[in-house]
Amino acid sequence: WSSDVCSSDLVAPTPISQRAPNVLDAQEYKAALEKRNLETPDRSISDVAVDSGITFLKGAIGLPEAFVGLADIPTRGALGKLLENAGYKPKEASAILDTFLSEAQQAANRKVKEAQGLLPTVQTALQNPSTILTSIGESVPQMIGGAGVARGILKAAPSVGAVVAGGLGEGILGAGSAAEDIRAQNANKLLTTEQSLAALGSGVGTAAFGIAGGRLAQSLGLDDVQT
């Protein structure tokens, strides 16, 4: 009796000739994934142009998202939820744009995303430098927006100085981005008071790093993009 139970529990893999087309068993699927991750598709000049354009568009989507996030902080996410219900869904738009990236860029992004741990992620990013460049490219519109905020601060309070204004501009938009990111992940699509404060804290940290970076650039005789 026990031998019958054991034999019934052992199911032989379905012969390839009897499978439906394009059906893989677990082992074959795992092998296919590993093969895909090892592949590095070629990238043409047109691919670079398309990837650059999509990177710019994703960055352009992120800039107004940061301003919506700033309004989310005092309204506890009410404006962001209202806009999302009206069809404003920047996260979905960005995800859709990702599907239009070249195969080479999608493969590079996937490798970095699937890396486990800080050091492996950094190493994988260095092995796929296009991911670093696209991250920088996506941040350019927000950096420009931060520079605009910095100029407004300087106009209103010239005594703060360009470095501090630049850091504050960066921190303000950083707080907005953090708030909108948090709100979008909540089931009720709103923010709690604690989450609003966390977004503000994130902005303060970003501003501090921005000011430190600006002072370092100033000491080296370099121009700071935020100012």
Side-chain angles (χ1 to χ4, degrees), residues 26-44 47-63 65-66 69 89-146 167 170-187 195 198-214 216-217 222 224-226:
Q27 187 174 2
E28 291 170 336
Y29 180 70
K30 182 179 179 181
L33 283 178
E34 291 176 351
K35 180 181 178 182
R36 182 197 66 178
N37 290 338
L38 291 174
E39 291 177 346
T40 304
D42 294 330
R43 192 194 305 262
S44 66
D47 287 338
V48 173
V50 170
D51 290 345
S52 299
I54 291 174
T55 296
F56 176 79
L57 288 175
K58 290 182 66 178
I61 289 173
L63 180 57
E65 188 179 10
K89 299 178 179 181
K91 291 289 186 296
E92 290 186 14
S94 182
I96 291 172
L97 286 174
D98 280 337
T99 65
F100 290 96
L101 291 168
S102 66
E103 289 186 13
Q105 189 59 55
Q106 290 190 49
N109 291 346
R110 186 166 53 245
K111 290 176 182 177
V112 173
K113 185 177 181 180
E114 293 176 354
Q116 300 293 325
L118 177 60
L119 291 179
T121 299
V122 171
Q123 182 180 6
T124 305
L126 292 174
Q127 293 171 346
N128 298 271
S130 63
T131 60
I132 300 174
L133 294 175
T134 54
S135 295
I136 295 173
E138 288 178 23
S139 67
V140 167
Q142 188 162 324
M143 292 170 67
I144 295 173
E170 190 175 350
I172 288 170
L173 290 192
S177 294
E180 185 61 9
D181 282 341
I182 296 170
R183 184 204 64 79
Q185 296 176 32
N186 289 341
Q195 289 172 333
L200 287 173
S202 174
V204 170
T206 301
F209 277 112
I211 292 171
L216 177 61
L222 302 175
D224 184 1
V225 69
Q226 293 294 337

Tell me which pairs pass salt bridge (charged side-chain N to carboxylate O under 4.0 Å, His left out) where either residue lies in residues 126-145, with sequence neighbours left out. K58-E138

The criterion is side chain to side chain contact (heavy atoms under 4.5 Å, CB included); which residues satisfy it with S202, sequence neighbours excluded? A178, T206

According to side chain to side chain contact (heavy atoms under 4.5 Å, CB included), who are the partners of F209, at least two apart in sequence or on a separate chain? none

Using modelled atom types only, decide if a donor and an acceptor are shared between the side chain of Q106 and the backbone of L101 within a distance under 3.5 Å. yes

Residue pairs passing the salt bridge (charged side-chain N to carboxylate O under 4.0 Å, His left out) test with at least one member in residues 119-132, sequence neighbours excluded, are none

Could you grab the distance from atom CG of L63 to atom OG of S177, nearest 0.5 Å is fine? 8.5 Å

Atom NZ in K91, atom CD in E180: separation rounded to 0.5 Å? 6.0 Å

Residues in side chain to side chain donor-acceptor pair (under 3.5 Å) with K89, at least two apart? none

Got a donor-acceptor contact below 3.5 angstrom from the T99 side chain to the I96 backbone? yes

Just so I know, are the side chains of N128 and N109 near enough to count as touching, which here means a heavy-atom distance under 4.5 Å? no

Tell me every residue that passes side chain to side chain donor-acceptor pair (under 3.5 Å) with S44, counting only those two or more places apart in sequence or in another chain. S46, D47

Check whether any side-chain heavy atom of N186 sits under 4.5 Å from a side-chain heavy atom of Q195, and report yes or no. yes

Look at atom CD of Q127 and say whether more than 12 heavy atoms of other residues, nucleotides or ligands are closer to it than 6.0 Å. yes

So, S94 side chain and P90 main chain: donor-acceptor pair closer than 3.5 Å or not? no

Using the side chain to side chain contact (heavy atoms under 4.5 Å, CB included) criterion, which residues pair with L133? Sequence neighbours excluded. none

Test item: L126 and I132 side chains (from C-beta on) under 4.5 Å apart, heavy atoms: yes

Between G62 and Q142, which heavy-atom pair has the shortest distance, and what is it? O-OE1, 4.2 Å

Under a 3.5 Å threshold, yes or no: a donor from one side chain and an acceptor from the other, between Q185 and D181? no

What distance separates I61 CD1 from F56 CZ, expressed to the nearest 0.5 Å? 11.0 Å

List in chain and number order the residues that pass side chain to side chain contact (heavy atoms under 4.5 Å, CB included) with A115, two or more places apart in sequence or in another chain; answer none if no residue qualifies. T121, T124

Who passes side chain to side chain donor-acceptor pair (under 3.5 Å) against D51, sequence neighbours left out? R43, S102

